[in-house]
Protein chains: 2
Amino acid sequence: MTDAERRRAVARLLVIRASGHAEDGQRRYPRWELCNRELERLLGSGVGGVILLGGTATELQQRCRTLRHWSTDGDLLLCADVEEGIGQRFEGATWLAPPMTLGRLHRSNPDHALHLAERYGRTTAAQARRCGLNWVLAPVCDVNSNPENPVINVRAWGDQAQAVADLVDAFHRGLNAAGVLGCAKHFPGHGDTDQDSHLELPLISHARSRIEQLELVPFRRLIASGVASVMTAHLLIPALDPSQPATLSRSVLTDLLRTELGFSGLVVTDALVMEAISRSLGPSEAAVQAFAAGADLILMPADADQAIDGICAALAQGRIPESRLSESLQRRAQALQRCDEAAGSETELDLVTPADDEFSMELVSSSLEIQGPLLAAHPEQDAVNLIRVDGVLPCAFLRSDASAITKPERHGYRALICHDKGIEPWAMNRDTAEPLELERLGKGPVFLQLFLRGNPFRAGQQRHEPWDRAIQQLLRVERLSGLAVYGCPYRWDSLRRLVPDHIPAGYCPGQMPEAQKQLLDRMLGMNWDEQARKDFTD
Amino acid sequence: MTDAERRRAVARLLVIRASGHAEDGQRRYPRWELCNRELERLLGSGVGGVILLGGTATELQQRCRTLRHWSTDGDLLLCADVEEGIGQRFEGATWLAPPMTLGRLHRSNPDHALHLAERYGRTTAAQARRCGLNWVLAPVCDVNSNPENPVINVRAWGDQAQAVADLVDAFHRGLNAAGVLGCAKHFPGHGDTDQDSHLELPLISHARSRIEQLELVPFRRLIASGVASVMTAHLLIPALDPSQPATLSRSVLTDLLRTELGFSGLVVTDALVMEAISRSLGPSEAAVQAFAAGADLILMPADADQAIDGICAALAQGRIPESRLSESLQRRAQALQRCDEAAGSETELDLVTPADDEFSMELVSSSLEIQGPLLAAHPEQDAVNLIRVDGVLPCAFLRSDASAITKPERHGYRALICHDKGIEPWAMNRDTAEPLELERLGKGPVFLQLFLRGNPFRAGQQRHEPWDRAIQQLLRVERLSGLAVYGCPYRWDSLRRLVPDHIPAGYCPGQMPEAQKQLLDRMLGMNWDEQARKDFTD
């Protein structure tokens, strides 16, 4: 193999990041998303994978065609982080309630939950194919055993190892049936951390035996079912490797995953640009160590050329045996063989089918939790609909026509939105029993809608917001007219207990428009006929 | 002509509204934007025009292909309200500083302003064609003689009749050169109103002689230059017609526009769903009266089928002579003949050219107004970057990576965003000399960034915000560190006078990302080399 051939071969193992938009000016994260000129150059030089984020489903279809056109070697891996349906990342496709929805349903109705989990996989895979993707970076196999988990949370299929194993297996069957590759992540398990690996390197201090009994259970199951790929976690787990994070650990990736668990598919790193890795290692060394430890594919290296150069040098120096390169290339080729050749050939008009919409609705309706009476209308009073979100620049699920705004408005509630860059509703000293600056919220009843879930990069934000005491304060002054929580079930479970029986409260694990619509239709007591008429005449 | 033939012929004269997005679920305004099933049915039944709004430029390309596919008669008019470049409405295309930019430049450098106006038309038309549009609903020919105008304002090419005539003529030459139809609007002139015709029917009480000397000047010029279409205004102008708004007035559309001014092209109504018309007339009667008055094309009827039925009945009853139908169809066919057959055939990759980007930058840089020293950095203090926008759900020019947020942040200013659904910065009683609730804004210096321009549907909002007194208040407590105004030149002219020489203040008529970037680079004193390095390392 010549140097040029080796460079081209190593490039096949990279998965670089691109915006789903066509124009460079549309990129949201130019720091991470390569410009078109660079993408074209790298794909032309052999790079074999792209992870896409941003844009609409229609743009994604066009984008995948363009990327395939730029790739001289043809068989491109095109993936996205679409754990909650393609619509989670690409507007216009179907956005599903998060996996935790089925984790909760599984407690009371496991058969139905498993049935829905398989449809979840099938729906996601079918739309992925119609957009041009052949690899879905799901399911999350982490058991969310820590309610304070800031980064997994509702992305997990539950907090019980066996149930999670059953659900991810059903999801994976659905993916498989539609001919799209899956990815079990984040190995060996990211469910028990209260730190965000986007920002720091979390430590898991459990003994090996506990990891065996809990964290590994869903991974073992998917490996047995032939999952195409496993994604590594940026976690330090001394019981498995006292010095290296899992992503860079030979003990974890080769000894445990390959040898003990017998996984023969593709091992892909989590994004190497994440702080947990990039803080201590340069772009070349991070890629070299991950590859040396046993990873086949290098996801989002901080610098693609340096990653390729580094791995080539390590191979040339004998630091990594040449056989590792041929093995990884062979695994990659085998995975691609599993993808149906038809991927991406469908037209855009069929992107979302009526069955997809129905499934999305069914998932939401199976997950609603409601207590208390209907929300009272207050057309004559200064009633406030206080909506809490992480941010609004933009907020994918909260646009001016969102149900969370328009439905309470018809009942007399004026929307007031709290977000990270707005003027706060909190008093100068929020650590008191009266944390809300009530005068800022008018004089009327307050309907509180909290969009709370663990979001990457937002780790600290929610901890400083005393919504529990705010609810108690509103109750004391008799101004709480209702509570809706969208997202984290643990927050809902603790906040719902504060709300007395005569005040309505509701919950949905999903935050997307369909979740708002159904939860509020139930809480406002609008029946479907009325609703249809209203939508028509408005 | 059989009834079916006549129905199909009348349908050619309708311009119905569609979202630029592919999927029904993506529509922002389902009340006005027809669903795909309805669009396909109406285009199949002969409807001859579509006005598009929303989505990205890539989606628009795909959308125009789909609509042409649905249209059984082929020669579809596809238009959009892209007065400020295609990027104003379709993300990813070029978003230009508004026409008023050149109205201001024209005072000091008329030749350069006219040169830029022609490029403005050429750039807009070329991108329109690459997206698949063949009709641009511009230029605005209204002379913005009223600084309080809530709906025209910076959309106008100035406030002097002769300068506006010269500029719109140059713009129109540019459009023409690129083979796209233009539209002179809003006839006979919408520049002198302080009401919003989206919400009510404004009254223009000027004498005929003044309208002749001011309002009609730019329209006469474009008619002489052969503009393809003229759009009617929803205005009551007793000097021209004491009982009917211009859109429905035979005196205005036939006697004045056709006979006196000799216009032989297409007369198109403004949107008939607007409150100024729809409040008093049903969907059928509004269309019938507009057609009877002399309009050729019916834009956004509240109900397409009723509009067609109504016009067919009026023709059958002899209320409107059959010759009007054949004349309008003939004008429509002549206009379409002028469009180059090549429209829409370009590929998506060339949508935005480097020349387009350069033009957009040049337009902004020609429009900046700066006074005072550089903005001071405050890395150690509790400095606030107070940003005022209409709304954030979403705000097309203010995303988390917007220069208005990130550039002051590097200088120590934390962004705090005021918008229509946020908690207000105002004191309980804002009618005092201390309108701001200063405690909500921390203790440090305040950099005020005001995005103010006349926006449809927002008429009243800005009038209740006493930014003049807020600036005086911040000056008194020595907390104003700078002022930036984006948008309305009249607001800038009045606010700049309040700011003393030692405090930096700057203005750009544009609000889009490029405007923020250039204005803040100038106000923060970052030179281009530094900037390039920063962008690279960040």
Side-chain angles (χ1 to χ4, degrees), chain A residues 21-31 36 55-59 61-63 66 69 87 91-95 348-349 351-352 357 386-387 391-396 398-402 405 414-425 428 437 439-441 513-514 535-538, chain B residues 21-31 36 55-59 61-63 66 69 87 91-95 348-349 351-352 357 386-387 391-396 398-402 405 414-425 428 437 439-441 513-514 535-538:
Chain A
H21 291 287
E23 302 291 331
D24 285 341
Q26 290 174 279
R27 290 175 297 164
R28 289 300 305 282
Y29 307 99
R31 183 181 162 188
N36 285 328
T56 67
T58 303
E59 289 181 293
Q61 290 182 312
Q62 181 56 49
R63 189 66 162 163
T66 303
H69 174 70
E91 202 207 328
T94 303
W95 191 353
E348 78 293 340
L349 298 180
L351 188 61
V352 176
D357 285 337
L386 191 65
I387 299 174
V392 288
L393 302 175
C395 179
L398 196 71
R399 313 223 298 195
S400 51
D401 58 348
I405 293 171
R414 175 179 60 95
L416 212 49
I417 297 162
C418 304
H419 55 95
D420 63 343
K421 289 191 166 56
I423 295 176
E424 297 190 332
M428 289 300 140
E437 181 99 340
E439 309 86 76
R440 308 302 296 178
L441 307 181
E514 182 65 26
D535 285 347
F536 187 77
T537 54
D538 266 12
Chain B
H21 292 286
E23 302 291 331
D24 285 342
Q26 291 174 278
R27 290 175 296 163
R28 289 299 305 282
Y29 306 99
R31 183 182 162 188
N36 285 329
T56 68
T58 303
E59 289 181 293
Q61 289 183 313
Q62 181 56 50
R63 189 66 161 162
T66 303
H69 175 71
E91 202 206 329
T94 303
W95 191 353
E348 78 292 340
L349 298 180
L351 188 61
V352 177
D357 285 338
L386 192 65
I387 299 174
V392 289
L393 300 175
C395 179
L398 196 72
R399 312 223 297 196
S400 52
D401 58 348
I405 294 171
R414 175 178 61 94
L416 212 51
I417 297 162
C418 303
H419 55 95
D420 63 342
K421 289 192 166 58
I423 295 175
E424 297 192 332
M428 289 299 140
E437 181 99 342
E439 310 85 77
R440 307 302 295 178
L441 307 180
E514 181 65 25
D535 284 348
F536 188 77
T537 53
D538 266 10

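The nearest pair of heavy atoms linking Ser400(B) to Arg28(A) is OG-NH2, 2.9 Å. Between Glu23(B) and Val352(A), the shortest heavy-atom contact is OE1-CB, 3.6 Å. Contact between Arg27(B) and Asp401(A) at its shortest, heavy atoms only, is O-OD2, 4.0 Å.
Of the residues considered (Leu398(B), Leu386(B), Leu441(B)), Leu398(B) shows the highest number of contacts with chain A, using heavy-atom pairs under 4.5 Å. Between chain A and the options Arg414(B), Glu424(B), Arg63(B), heavy-atom pairs under 4.5 Å are most frequent for Glu424(B). The most heavy-atom pairs under 4.5 Å with chain B, out of Gly87(A), Gly92(A), Ala57(A), come from Gly92(A).
Side-chain contact check for Glu91(A) versus Glu59(B): every heavy-atom pair is 4.5 Å or farther apart. Side chains of Val392(B) and Ile417(A) form no contact here, defined as non-hydrogen atoms less than 4.5 Å apart.
For Ile405(A), the part lying under 4.5 angstrom from a heavy atom of chain B is the side chain only. Contact annotation for Glu437(A): only side-chain heavy atoms (C-beta onward) come within less than 4.5 Å of a heavy atom of chain B.
Side chains of Thr58(A) and Gln62(B): no donor on one and acceptor on the other come within 3.5 Å.
Counting only distance, with no hydrogens or angles, the side chain of Arg399(B) and the backbone of Pro394(A) share no donor-acceptor pair below 3.5 Å.
Note that CD1 of Ile423(B) is 4.5 Å distant from SG of Cys418(A), once rounded to the nearest 0.5 Å.
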